[in-house]
Number of protein chains: 2
Amino acid sequence: MAIRHKLSGIYSPVLTPFTPDLAPDAAAFVRHCRWLVAQEVGLAVFGTNSEANSLSAAERRGLLDALLAAGLPAQRMLPGTGCCSLTETVELTRHATSAGVGGVLMLPPFYYKGVSDEGLFRHFSEVIQRVGDSRLRIYLYHIPPVAQVPISLGLIERLMKAYPTAIAGMKDSSGDWSNTEAVLKQFQPDGFDVFAGSEVFLLRTLRGGGAGCITATGNVNPAPMVKLHRSWEGSEADPQQAALDVTRAAFQKYPLIAAMKAAVAHYSRTPSWRTVRPPLTELATQQERALIDSLETIGFAMPGL
Amino acid sequence: MAIRHKLSGIYSPVLTPFTPDLAPDAAAFVRHCRWLVAQEVGLAVFGTNSEANSLSAAERRGLLDALLAAGLPAQRMLPGTGCCSLTETVELTRHATSAGVGGVLMLPPFYYKGVSDEGLFRHFSEVIQRVGDSRLRIYLYHIPPVAQVPISLGLIERLMKAYPTAIAGMKDSSGDWSNTEAVLKQFQPDGFDVFAGSEVFLLRTLRGGGAGCITATGNVNPAPMVKLHRSWEGSEADPQQAALDVTRAAFQKYPLIAAMKAAVAHYSRTPSWRTVRPPLTELATQQERALIDSLETIGFAMPGL
C-alpha cells in the first residue's frame with residue numbers, strides 16, 4: 001500500500017540574503033526562491049539555516065509577503081514560525097496559515113532549558129487554539145543540538161491525540177538516526193510526515209516510509225536530491241545517496257550557513273550573498289577559496305542560478 | 001579609595017504577572033514594581049525570571065511604557081533588551097534608552113550555539129552603533145546555563161576597549177564564583193560594575209569590589225538583601241549572608257519562577273499571580289503548600305505587599 005503524505009519531497013531552509021548593511025534583501029530572496037522552486041524544492045523559509053532567529057517577527061512577515069507578492073506558490077512554502085514567545089509564534093503562524101502555506105515548521109520555545117513535556121504541550125496547544133484555523137498544519141522541529149529543547153516521542157503522541165489534523169509531521173534534525181527510526185515506526189502509520197533534517201538520511205528515511213528531507217544543502221545541491229527522492233526504489237539509489245554525501249561533506253567542513261552563502265555568492269556572481277548577520281561570521285577568503293576548489297574537484301555546479 | 005559604581009545595590013528581575021488568559025497584567029506589574037522600589041530594589045524588568053523571552057517585543061515595550069506612565073523612576077530600571085535578533089535588540093534598547101533608564105541588561109543572541117567571540121563582538125557593536133545614544137549603558141548578561149552562549153573575558157575586554165562608555169558592567173549568572181572573581185579582578189578597576197546573579201554571592205561580590213546583585217529572589221526577599229548591601233563591612237555581615245542563603249534554599253527546592261509567583265500569590269492574596277506562560281508550569285498544589293510551610297518555618301514574610 002502506497003503511503004500518502006500531506007507534504008513530501010525535498011525542502012530547503014532558504015538562505016536569507018542581506019544587503020551590506022544587514023537588511024534582508026527581498027529581491028535576492030525572491031530570486032533564490034524562484035530558482036529553488038524551478039529545481040522542484042519546497043521553500044522551508046525561516047529555518048535555522050535561514051538565520052530566521054536573527055530576524056525580527058516583522059522582518060519574517062515582510063519577506064513572506066514579498067514571496068507571495070512575487071507570485072511564488074504558497075502551497076510550496078513551509079515557513080518557520082516557532083519563537084520563544086507564545087505571542088510571536090501565534091502572530092507568525094496565523095499570518096503564514098492565512099496566506100495558504102503548505103504547513104509551518106515550528107521550533108519549541110527555546111530559551112528555557114529543561115522544561116517539561118507538559119509545558120511544551122501547553123505551548124503548542126495554545127498556539128493551535130489561538131490560531132484557530134482549520135488549514136493549520138504543524139511540522140514539529142526537533143533540533144536539540146541548537147534549540148537544546150527536544151521534542152520527545154511522548155510529546156508527539158500527546159499532541160497527535162489532541163490535534164490529529166493540526167499536528168502533521170516533523171523535521172528531525174537530531175542527527176540521531178535511531179530517533180528518526182523510532183518516530184517513523186511509531187507515528188508514520190498514523191499519517192505523520194517524517195522529514196529527515198539532512199540529506200545524509202534521505203534514502204534511509206524514504207525506505208522507512210518517511211516523506212523526504214528538509215535540508216540546508218537543498219539551497220545549493222537541490223537537483224540530485226530531488227532525483228533520489230523520485231527514484232529511491234531504483235537500483236541506482238545507493239550510489240546516488242553516496243554522491244549526495246560527498247557534496248554535503250565538502251560544505252560541512254566549514255560553518256555551513258557561511259559556506260552555502262559563499263557558494264551562492266560565487267556561482268551567482270553576487271558578492272553581497274556572503275553577508276551573514278551577527279553572531280554568525282562569513283568565511284575567511286582562504287576558506288572560501290578552499291571550499292570552491294573542493295567543489296570544483298567533485299564537479300559541483302549550480303546550473304541556472 | 002572608595003569604589004564608585006554607575007549602578008549598585010540590589011536589582012530584581014521583576015516577575016511578570018499574567019491574567020488567566022496569559023496576557024501581561026500591567027496593573028499588577030506596576031503594583032509589584034512600586035513595592036520593589038519601596039523596598040529600595042532596582043527594577044531589572046525583562047530578565048530570565050521575568051519570563052521576558054516568553055513575551056513579544058511589543059509586549060515588553062508596552063509593559064515598560066506602563067511603568068513609565070505610572071511614574072516609576074526610569075533611572076531605577078535596568079530592562080532586559082537582548083533578543084536573538086539584532087533588529088529586535090536594537091528596537092528594545094533604543095526604546096529603553098530614550099526613556100532614560102539606568103542601563104539595559106543584554107543577553108547575547110542565544111539561538112546559535114558555539115558562535116565565535118568575533119561574531120558576538122559584531123553583534124554588540126552593531127547594537128551600540130545603531131542605538132547611537134550617548135546615554136546607553138549596557139550590562140552584559142552572562143548566563144550560560146540558560147542562554148548556552150557565554151560572554152567570555154576576552155569579549156568583555158574587547159568591548160570595553162571599543163566602547164568604554166556604553167559597556168558599563170555585567171550580571172554574572174554562571175553560578176561559578178571563580179568567573180565572577182576573575183571579572184572583578186580584571187575589569188572592576190576600570191569601572192566595570194559587576195553584579196552577582198544570585199544573592200548567595202552577594203557578600204563575596206561586595207568584598208571583591210562588586211556593585212551588588214541582580215537576583216530572582218529580590219522579588220520576594222528584598223529587604224534583607226538591601227540591608228546586607230548597606231552593612232557588608234559590619235560585624236553582622238556573615239550571619240546576614242547565611243540568613244539570605246536559607247531563604248534562597250527554601251525557594252530553590254522548586255522551579256524558581258513558579259515558586260516565587262506562588263509566594264507572591266499567597267502573600268498578596270492574588271491567585272492570578274500563579275499564572276506562568278508556557279513552556280513553564282505553575283507549582284502543583286502540594287508543592288505550593290510545602291513551600292509556604294517551609295517559608296513559615298523560617299519566619300519569612302513579605303511586609304507591605
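In what follows, chains carry the letters A, B, and so on, assigned in the order in which the sequence lines appear, proteins first and then strands, with residues in each chain numbered from 1.
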| Contacting region of T48(B) [heavy-atom separation from chain A under 4.5 Å] | both
| Which bit of L55(A) comes within less than 4.5 Å of chain B, counting heavy atoms only: side chain, backbone, both or neither? | backbone
| task | Output the residues of residues 271-278 of chain B for which the shortest heavy-atom distance to chain A is under 4.5 Å, in residue-number order; output 'none' if no such residue exists. | result | R277(B), P278(B)
| said: For S125(A), which atoms come within 4.5 Å of any heavy atom of chain B: side chain, backbone, both, or neither? | reply: neither
| task | Name the option with the most non-hydrogen atom pairs under 4.5 Å to chain B; the candidates are E118(A), E88(A), H123(A). | result | E88(A)
| note | Distance col, row F110(B):CZ vs C84(A):SG, nearest 0.5 angstrom, shows 4.0 Å
| query | Do you know which of P279(A), P109(A), S116(A), A147(A) has the most heavy-atom pairs with chain B at a distance under 4.5 angstrom? | reply | P279(A)
| task | Find the distance between OG (S85(B)) and CD (E51(A)) and round it off to the nearest 0.5 Å. | result | 12.0 Å
| Which region of P255(A), side chain (C-beta onward) or backbone (N, CA, C, O), has a non-hydrogen atom less than 4.5 Å from a non-hydrogen atom of chain B, or is it both or neither? | neither
| Option in S54(B), P108(B), G114(B) with maximal non-hydrogen atom pairs under 4.5 Å from chain A | S54(B)
| query | How many angstroms lie between CG in D21(A) and CD in E126(B), if you round to the nearest 0.5 Å? | reply | 9.0 Å
| To the nearest 0.5 Å, what is the distance between CD (E59(B)) and OG1 (T87(A))? | 3.5 Å
| remark: So CG of L92(B) and OG of S56(A): to nearest 0.5 Å the spacing works out to 10.5 Å
| task | Give a yes or no on whether the backbone of N53(B) and the side-chain of Y112(A) come within a donor-acceptor separation of less than 3.5 Å. | result | no
| said: Report which part of R60(B) has an atom under 4.5 Å of a heavy atom belonging to chain A: side chain, backbone, both, or neither. | reply: neither
| Do you know the tightest heavy-atom contact between Y111(A) and V146(B)? | O-CG1, 3.3 Å
| message | Counting only non-hydrogen atoms closer than 4.5 Å, does A23(A) touch chain B with its backbone (N, CA, C, O), its side chain (CB onward), both, or neither? | response | neither
| said: Using 0.5 Å steps for rounding, measure from the CG atom of D117(A) to the OG1 atom of T281(B). | reply: 11.0 Å
| said: Is it true that, when you exclude K113(A) itself, more than 12 heavy atoms of the residues, nucleotides or ligands shown sit nearer than 6.0 Å to its NZ? | reply: yes
